[in-house]
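The analysis underlying the following values was restricted to heavy atoms, covering all of them including side chains, and did not include hydrogens, waters or symmetry mates. Note that the structure is predicted; figures quoted are calculated from it, not measured.
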Amino acid sequence: MSVSKRANGDYQTPEAFAQAICHYLHHDRGLRPVAVLEPTCGLGHLLQASMIFDAQQYIGIELNPEYCTTCRKALTDPRVTIHNADIFGFATRKLFSAAALSGPILILGNPPWVTSATLSALGATQPPKQSAASQGLHGLAALTGESNFDLATAIIMQLIHEYRDSQAYVAMLCKTSVARKVFQEIKRLQIGFKQCELLEFDAHKVFGIDASACLLLIELAPDAASNPDSCTVYDWQPPQAPQRKYSCGYLNGRFYSQIPYGDQGAATSTAATYEFDGTCCLPWRQGLKHDCAALMELTLDAKGQFLNGLKEPVQVENEYIFPLVKGSHFKAPIISSFKKHVMVTQRQLREDTAHLQQDAPLFWKYLSAPEHYARFAARKSSIYRGAPDFSLFGIGPYTFAPFKVGISGFAKKPLFALLYSPDGKPVMTDDTCYFLSFSSYETAYVTMLLLNSPQVQAFLPTMTFLDAKRPYSKKVLSRIDLEKVAAQVSFAELQQTESQLGLKPVVTNAMFNYFRQWLSSVH
């Protein structure tokens, strides 16, 4: 795929799949829309397949003028109108006749499969500004990229807002993560809807991409009081009928990836699996972000010489070199030997680095070498704009704690590891990892055992989606209430976890009791 198509998230819906979607909506779901809108109609395959509905009016919106020409040639029916326009900020209801607006409207489409960050990285046209505040993000969370969003989310939510007071159906092809985000947003905004379903299909077979994807189906309702707490997920491989997989949604105001259901389909909230949900009394942190691995990350050669990613020998002051654990290194419950090291330029966020010229002349010489400085200057993330030279993020007093308990955000099966260096140097993690900081080995060790206990391991899948880019995010981990865990897990169970992890017996009852007392004092 060309860079321009990738930048636009251009995955055209195959004709056969477009026909399967419309056949399902028409024959199996009984949809009879008076009007059909496709907000990013591309080559028009979905719009053409939707003629099965025999609606009064069809509207297609497309930014690419060449695609518009193709659509107009393929769709000569007088009920069809193609508009060459950017869907963002474009009012579509005015395009329909009063008669068309009097009945059900089907909003059918396949919006771009691309994020705002990808657009920026590829130098493509900037997406609409979706403020971090509108997503409930503030401070560093917004600054460091959590405000990155899929364009599909923005498009779908724009259309839901526009048609929220009408009888409309939304049927959108998108990543499953986008569909879940839309469900959470309409719940948060208390937008009325009768049902929300995700029909997952094989994206590799349909589009040739490795992604978890679905057909998102939402039936909007003018009444905001109609606002179900759950969303049902199906496996759909046309022409076979969808098979129910699981439900996600809200219990007592908290969102879960898996929720139990009673005989009548009503959510139940008595399952013990959810009892650890709350707020962690210890702050989860994200590892170092520098976006310059070729220069900042080091390995030791056979002669004990540090080499950077460019295979250049590196000689800098030892006090600025620290052991590094990357996400792919989380393979044991205790990590105390290291394949990688990282150089650290700051002790706290936005600390001026100019002092290195006097305090660490070798390090300064390395960093400021023209070919090296150019690499730092080329870092594209906006978080470095206006920051001191060679700045890092994910840095603070917590970074230099002697003991950490961490996890890879990319993990499919969660393993929490105790990180420490025998020489006492703080162990760093990269920004794909999350960790808790400790001043003592004993408290870190007990925490590691508790997080790896069968009870917590059973609880975590209720909050995570393995198709997410980072199943174990700071937001997810912060919901593990360690005090509740420590109160529910017995000392015998802690010993059993220690044994199952293949560790020598270390934990004692006195150690565990002290941990419980210490944890209650953290507040």
### Query
Is the cationic atom of Arg188 (NZ for Lys, CZ for Arg) positioned less than 6.0 Å from the six-membered ring centroid of Phe255 and within 45 degrees of its normal?
no
Are the side chain of [X] and the backbone of [Y] linked by a donor-acceptor contact shorter than 3.5 Å?
| X | Y | result |
| --- | --- | --- |
| Gln12 | Leu43 | yes |
| Ser478 | Lys475 | no |
| Gln457 | Leu451 | yes |
| Thr353 | Asp389 | yes |
| Tyr366 | Leu295 | yes |

Check whether more than 12 heavy atoms from other residues, nucleotides or ligands sit under 6.0 Å from atom [atom1] of [X], and answer yes or no.
| X | atom1 | answer |
| --- | --- | --- |
| Lys245 | NZ | yes |
| Glu66 | CD | no |
| Lys311 | NZ | no |

### Query
In terms of the angle between their ring planes, are Phe276 and Phe459 parallel, tilted or perpendicular, with boundaries placed at 30° and 60°?
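Perpendicular.
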### Query
If you take all heavy atoms of Pro242 and Trp236, which pair is closest and at what distance?
CG-CD1, 3.5 Å
### Summary
Closest non-hydrogen contact found for Leu95 with Gln57 is O-NE2, 2.9 Å
### Task
Go through the steps for Tyr373 and Phe390 under the test ring-ring contact (aromatic ring centres under 6.0 Å, His included), then give the verdict.
CA-CA 8 Å; Tyr373 186 88; Phe390 321 119; 5.8 Å; yes
### Message
Which residue is it: Ile395, Asp431, Leu392, Asp430? I am looking for the one with a side-chain contact (heavy atoms from CB on, under 4.5 Å) to Lys289.
### Response
Asp431
Within the 3.5 Å criterion, strictly below it, is a donor on [X] or [Y] matched to an acceptor on the partner's side chain?
| X | Y | value |
| --- | --- | --- |
| Asn110 | Thr13 | yes |
| Glu162 | Thr92 | yes |
| Arg254 | Tyr274 | no |

Would you call [X] and [Y] a salt bridge, taking side-chain N to carboxylate O under 4.0 Å as the test?
| X | Y | value |
| --- | --- | --- |
| Arg479 | Asp277 | yes |
| Asp54 | Arg79 | yes |
| Arg29 | Glu197 | yes |

